[in-house]
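Single-structure report; data block below.
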Amino acid sequence: MSMAVASLRFLARRRHQLRLAVPGTRAAFLSDTAEEAPQAAPPPPGRKVLESFREEFEIGGRLIAFETGKMARFANGSVVISMEETNVLSTVAAAKSSDPVRDFLPLTVDYQEKQYAQGVIPTTYMRREGAPKERELLCGRIIDRPIRPLFPHGFYHEVQITVNVLSSDGKQDPDVMAANASSAALMLSDVPWNGPIGVIRVGRIDGNFVLNPTVDELGLSDLNLVYACSRDKTLMIDVQAREITERDLQAGMKLAHSEAVKYIDPQIRLAKRAGKEKREYKLSMISDENYEKIRTLSEAPIEEVFTDKSYGKFERGEALQKITESVKEKLEEECDEESLKFLPKAVDTVRKQVIRKRIIKEGLRVDGRRLDEVRPLYCESSTYPILHGSALFSRGDTQVLCTVTLGAPGDAQRLDSIVGPPTKRFMLHYSFPPFSINEVAKRGGLNRREVGHGTLAEKALLAVLPPEGDFPYTVRVNSEVMASDGSTSMASVCGGSMALMDAGIPVREHVAGVSVGLVSETDPTTGDISSYRILTDILGLEDHLGDMDFKIAGTRRGITAIQLDIKPAGIPLDIVCESLEPARKARNQILDRMDQEISSARAINDGSSPRLATLSFSSDSLRKLLFHRKKIEQDTGARVSVSDGTVTIVAKTQPIMDKAIEKVEFLVGREIEVGKTYKGIVSSIKEYGAFVDFNGGQQGLLHISELSHEPVSKVTDIISVGQALSLTCIGQDVRGNIKLSLKANLPHSHRPEKELASEDATLLPNQDLVGWAAVENMPSKDADVNSSNSKDEDDTTEETPAFSTPTVIIRSAADCDAQDVANGPTKKRSKAASSKVAKPSPRASKPTKEQQEARKATPKKASTTSTAKKSKKEKADDSASNGLDKGKADDSASNGLNAIPEQEISNTLKHSSPKNFRSGSIKLGDVVTAKVYQIRAYGLVLELSDGVRGMHKFVENSQNNFEVGEEVLVKCDTFSAKGVPVFSVLD
């Protein structure tokens with residue numbers, strides 16, 4: 001195929017070589033060697049030159065640069081601002097015409113942080129950025145608030161500012177850079193704007209102010225001040241602080257103003273070099289003649305409405321609406337279309353002038369309050385007790401319901417920001433429903449205003465929250481505005497603070513907030529403020545008609561959050577600083593009323609408060625939980641989160657918490673501790689006890705002597721396979737084998753005090769030791785006898801574990817089953833072992849007549865057989881497999897007791913008789929013949945027929961007439977911690 005294609009291409013080239021030799025003659029083929037006519041080659045692409053302009057300057061020791069002409073050349077204005085490795089692009093576009101009926105500036109600011117700026121692919125399903133996040137909305141507000149007041153009045157063309165973070169090194173927060181870049185882009189565009197502005201961030205570390213701090217430095221700072229200004233006036237302030245004083249804040253703002261103006265001159269120089277000439281836009285403004293006509297018709301009735309103190313918010317609004325309708329009817333009669341077009345805006349201007357005139361000249365507010373007076377307050381905590389925390393706060397007609405919900409650390413909000421922490425454990429969500437102002441509207445997604453107000457209240461409360469180490473819960477506060485008549489965000493701060501205390505969160509003290517307003521008059525010639533009044537706790541109408549909305553929140557110690565929004569083209573910083581003092585006084589009045597309602601955090605263990613438990617495990621043991629976490633949540637209703645070797649459980653009630661912890665610990669297991677209680681399931685039952693599965697697949701032995709405080713003859717009488725038990729760990733040996741007890745969780749039977757006192761007297765002199773000492777360590781009546789212990793006894797001594805409970809060797813159920821099968825008929829013991837004779841020891845006293853008669857009736861020696869000769873280690877294993885553990889509570893050797901009921905002795909004598917046995921097969925209740933090996937101060941050392949030794953404890957006030965080598969009839973009552981059988985002598 002390739003050869004054919006090559007041939008066709010060759011023929012095609014030959015056809016193009018045909019030429020006419022002479023005009024009019026036939027065509028002839030040119031030879032291969034004929035020269036082709038020269039063809040003109042396409043010109044190479046030219047090199048495009050992007051003319052760019054750059055202005056560099058330094059603030060706070062960091063180099064900053066404005067650059068234009070290189071990117072987004074079609075935009076009306078575009079600037080890239082750079083600081084180290086962070087680059088932000090801001091562009092401006094404006095519509096050519098405006099809606100003739102529009103009476104506001106449709107300014108839109110879109111701030112975008114895409115993940116490519118930090119070299120990350122989005123983790124969403126589509127691997128794309130979705131709707132704007134909260135941080136992007138907040139950064140858009142930081143840009144919008146200082147630039148909006150500088151647009152000329154009557155300019156109602158649609159303007160859009162788009163900001164993109166091109167790259168980020170994670171050190172600098174791009175929000176302040178974006179605001180300065182937007183100012184520079186507006187300066188370069190042909191949009192009329194009375195800029196430029198400068199925006200700067202100021203922090204404070206160890207009492208020293210830091211300009212443009214990095215993200216890491218902000219973590220150490222007790223102040224995060226974002227300040228925007230023109231050359232001589234303040235435009236916007238946004239503060240988050242840790243109870244900074246008013247005096248320190250004023251110093252920080254003055255420093256910020258002097259440094260922020262350094263951004264202005266580079267923008268002016270860049271605009272001179274690359275800026276466009278400002279275009280003439282048509283301003284939508286009413287003529288003076290039409291305005292005077294509307295003012296004449298409406299001013300007198302508007303004054304009557306505002307002088308009547310009986311009007312409420314909605315009654316006042318209805319009265320003003322009637323005035324507007326009356327003026328409209330008169331203008332329609334005159335057919336004045338031009339005035340009708342601007343009627344709503346003109347009436348609003350008249351209303352504004354009337355109110356401002358009354359406040360400045362007469363000092364009278366709309367509702368009759370003094371300028372520094374706070375509206376009546378209503379505080380209520382625990383409004384809905386079933387919630388984790390709730391509070392209702394009202395100031396005047398403004399009413400807010402705040403609720404608190406506590407969650408696990410895993411419930412923290414995930415932040416996809418290119419700077420800052422990855423999660424947020426404290427959230428305040430502000431909701432402003434339409435019914436709060438008696439309007440009809442649809443509820444949409446994230447609202448810029450709601451996000452901004454909620455973030456302001458969140459900053460205010462964050463300063464008093466306990467550290468995460470002391471309070472690991474995730475906290476969500478919901479602020480539901482029930483009615484709005486001014487400053488609902490500050491009401492959310494007050495209600496949220498009370499709700500936090502009601503939820504049991506140990507906040508240091510209350511936080512309260514208040515909004516301060518400003519009404520001013522300006523000199524028409526200079527534009528400077530000639531007269532002003534500062535208003536405390538402004539109404540919604542005063543906010544709308546005033547010049548400033550200065551929200552200040554804090555404690556008695558200082559300020560925690562501030563947000564300043566203005567309407568004129570700037571306010572002198574001196575007036576802003578003057579507003580701090582009336583805000584402090586009003587804040588303290590509100591705090592006094594809040595303290596009367598609730599002044600400290602409630603107990604976290606109240607019925608409505610959730611329970612939180614944190615468990616630590618190794619990473620390997622948590623693998624099981626990852627597959628069963630959802631099942632545990634469905635079965636219990638608790639919420640389980642796993643992270644970095646830590647399991648956090650949050651439950652509504654304590655029973656749910658206990659159930660969840662039980663399931664987690666049973667599945668994963670935890671470090672075994674002596675004295676702790678565990679849940680387990682019986683897996684198998686033996687004659688000497690039962691094996692129990694517990695603690696994430698671990699297995700322990702529940703000995704028959706640990707089933708009850710009373711004697712138990714059969715294990716199955718108490719427990720069965722598959723039964724769930726609550727067991728206490730009473731010991732571990734050096735190999736990690738676990739001993740469990742059921743009776744440790746059972747109540748003790750009532751016993752007389754005299755009997756308990758007699759039992760205490762039988763204990764060993766060393767009261768620090770609990771239970772019997774080992775046979776090898778028991779004190780003898782004669783020192784010579786103590787030194788006569790054989791080498792075999794020393795070889796069998798085990799090392800004592802580190803914990804107080806004695807150890808015992810416990811094998812698994814499978815090993816015990818194999819041992820039971822291996823146990824067969826016993827053989828006769830070797831002569832060397834059976835002929836072993838104990839050294840003589842002085843006897844305590846002569847035996848009684850009844851004891852001598854009993855000994856005569858006892859066979860001299862029991863025959864013994866053994867299938868194979870075993871080593872001492874094998875004997876110890878056999879003894880352990882047959883339930884070597886602590887004795888019963890009333891007759892155990894560990895308690896130094898040897899009380900056997902007479903009825904039980906008689907039953908034993910009737911039922912059982914001396915029999916042959918192997919050391920590994922002796923069981924509780926066996927009656928055997930033993931030889932007195934040694935006589936000691938507190939009991940006997942007995943030797944059984946196969947050489948294994950046991951012990952017998954003397955009972956107080958009993959006759960102990962024994963001789964070394966004497967054979968006695970004994971019954972196995974229990975085993976010591978080392979597996980040594982403990983006998984009682986049968987008379």
With a 4.0 Å cut-off, would you call [X] and [Y] a salt bridge?
{"X": "Lys424", "Y": "Glu458", "answer": "yes"}
{"X": "Arg533", "Y": "Glu578", "answer": "no"}
{"X": "Arg54", "Y": "Glu67", "answer": "yes"}
{"X": "Glu85", "Y": "Lys171", "answer": "no"}
{"X": "Arg557", "Y": "Glu509", "answer": "yes"}
{"X": "Asp238", "Y": "Arg141", "answer": "no"}

If you draw a 6.0 Å radius around CZ in Arg247, do more than 12 non-hydrogen atoms from other residues or ligands fall strictly inside?
no
Tell me whether Asp206 at atom CG has more than 12 heavy atoms from other residues, nucleotides or ligands lying less than 6.0 Å away.
no
Measure from the ring center of Tyr227 to the ring center of His257 and say whether it is less than 6.0 Å.
yes
May I ask you to check whether Phe53 and Phe66 place their ring centers less than 6.0 Å from one another?
no
Shortest non-hydrogen contact from [X] to [Y]?
{"X": "Gly140", "Y": "Val109", "result": "O-CG1, 3.8 Å"}
{"X": "Val493", "Y": "Gly513", "result": "CG1-N, 4.2 Å"}
{"X": "Met236", "Y": "Pro146", "result": "CB-CB, 4.0 Å"}
{"X": "Cys229", "Y": "Ala260", "result": "SG-CB, 3.7 Å"}
{"X": "Glu84", "Y": "Arg62", "result": "OE2-NE, 4.0 Å"}
{"X": "Ser489", "Y": "Leu456", "result": "OG-CD2, 4.0 Å"}

State, with a plain yes or no, whether a side-chain heavy atom of [X] is found less than 4.5 Å away from one of [Y].
{"X": "Thr455", "Y": "Val451", "answer": "yes"}
{"X": "Ser484", "Y": "Phe432", "answer": "yes"}
{"X": "Leu223", "Y": "Val239", "answer": "yes"}
{"X": "Tyr532", "Y": "Leu518", "answer": "yes"}
{"X": "Asp173", "Y": "Arg201", "answer": "yes"}
{"X": "Ile505", "Y": "Leu465", "answer": "yes"}
{"X": "Ile529", "Y": "Ile575", "answer": "yes"}
{"X": "Leu415", "Y": "Thr423", "answer": "no"}

With sequence neighbours excluded, tell me which residues meet ring pair (Phe, Tyr, Trp, His ring centres under 6.0 Å) with His429.
none
Between the side chains of [X] and [Y], is a donor N or O closer than 3.5 angstrom to an acceptor N or O?
{"X": "His388", "Y": "Thr405", "answer": "no"}
{"X": "Asp549", "Y": "Ser515", "answer": "yes"}
{"X": "Thr560", "Y": "Glu243", "answer": "no"}
{"X": "Arg204", "Y": "Ser221", "answer": "no"}
{"X": "Thr398", "Y": "Thr488", "answer": "no"}
{"X": "Thr536", "Y": "Asp372", "answer": "no"}
{"X": "Ser381", "Y": "Asp502", "answer": "no"}
{"X": "Thr91", "Y": "Ser78", "answer": "no"}
{"X": "Asp110", "Y": "Thr162", "answer": "no"}
{"X": "Gln563", "Y": "Asp565", "answer": "yes"}

Give a yes or no answer on whether the side chain of [X] reaches the backbone of [Y] with a donor-acceptor pair at less than 3.5 Å.
{"X": "Trp193", "Y": "Ile147", "answer": "yes"}
{"X": "Asp222", "Y": "Ala241", "answer": "no"}
{"X": "Arg148", "Y": "Ile143", "answer": "no"}
{"X": "Ser258", "Y": "Leu255", "answer": "yes"}
{"X": "Gln112", "Y": "Val163", "answer": "no"}

Does Arg425 qualify as a cation-pi partner of Tyr473, given the criterion of NZ or CZ under 6.0 Å from the six-membered ring centre and within 45 degrees of its axis?
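Checked: cation-pi criterion not met.
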Residue pair Lys551, Asp543: steps toward the salt bridge (Lys or Arg N to Asp or Glu O under 4.0 Å) verdict:
CA-CA 11 Å; Lys551 302 181 180 69; Asp543 180 14; 5.5 Å; no
Quick one: do Ser431 and Asn478 satisfy side chain to side chain donor-acceptor pair (under 3.5 Å)? Show the steps, please.
CA-CA 8 Å; Ser431 178; Asn478 277 81; over 6 Å; no
Can you tell me how far [atom2] of [Y] sits from [atom1] of [X], rounded to the nearest 0.5 angstrom?
{"X": "Asp416", "Y": "Glu134", "atom1": "CG", "atom2": "CD", "value": "11.5 Å"}
{"X": "Glu542", "Y": "Leu535", "atom1": "CD", "atom2": "CG", "value": "5.5 Å"}
{"X": "Ser492", "Y": "Glu480", "atom1": "OG", "atom2": "CD", "value": "9.5 Å"}
{"X": "Phe393", "Y": "Glu597", "atom1": "CZ", "atom2": "CD", "value": "11.5 Å"}
{"X": "Ile244", "Y": "Leu249", "atom1": "CD1", "atom2": "CG", "value": "5.5 Å"}
{"X": "Phe550", "Y": "Ile566", "atom1": "CZ", "atom2": "CD1", "value": "11.5 Å"}

As a quick check of understanding, evaluate side chain to side chain donor-acceptor pair (under 3.5 Å) for Thr245 and Asp248, giving each step before the final call.
CA-CA 5 Å; Thr245 63; Asp248 292 343; 3.1 Å; yes
List the steps, then state whether side-chain contact (heavy atoms from CB on, under 4.5 Å) holds for Met71 with Leu166.
CA-CA 11 Å; Met71 304 184 71; Leu166 303 180; 4.0 Å; yes
Would you please test Ile59 and Ile64 for side-chain contact (heavy atoms from CB on, under 4.5 Å) and show each step?
CA-CA 7 Å; Ile59 296 178; Ile64 304 172; 4.2 Å; yes
Side chain to side chain contact (heavy atoms under 4.5 Å, CB included) partners for Ala583, two or more places apart:
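So Ala583 forms a side chain to side chain contact (heavy atoms under 4.5 Å, CB included) with Val514, Val516, Ile552.
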Kindly write out the residues that satisfy salt bridge (Lys or Arg N to Asp or Glu O under 4.0 Å) with Glu246, not counting sequence neighbours, or none if the list is empty.
Arg587
Test log, rule salt bridge (Lys or Arg N to Asp or Glu O under 4.0 Å), inputs Glu55 and Arg269
CA-CA 8 Å; Glu55 288 288 338; Arg269 294 195 300 266; 3.1 Å; yes
Tell me whether the rings of Tyr430 and His453 are parallel (<30°), tilted (30 to 60°) or perpendicular (>60°).
tilted
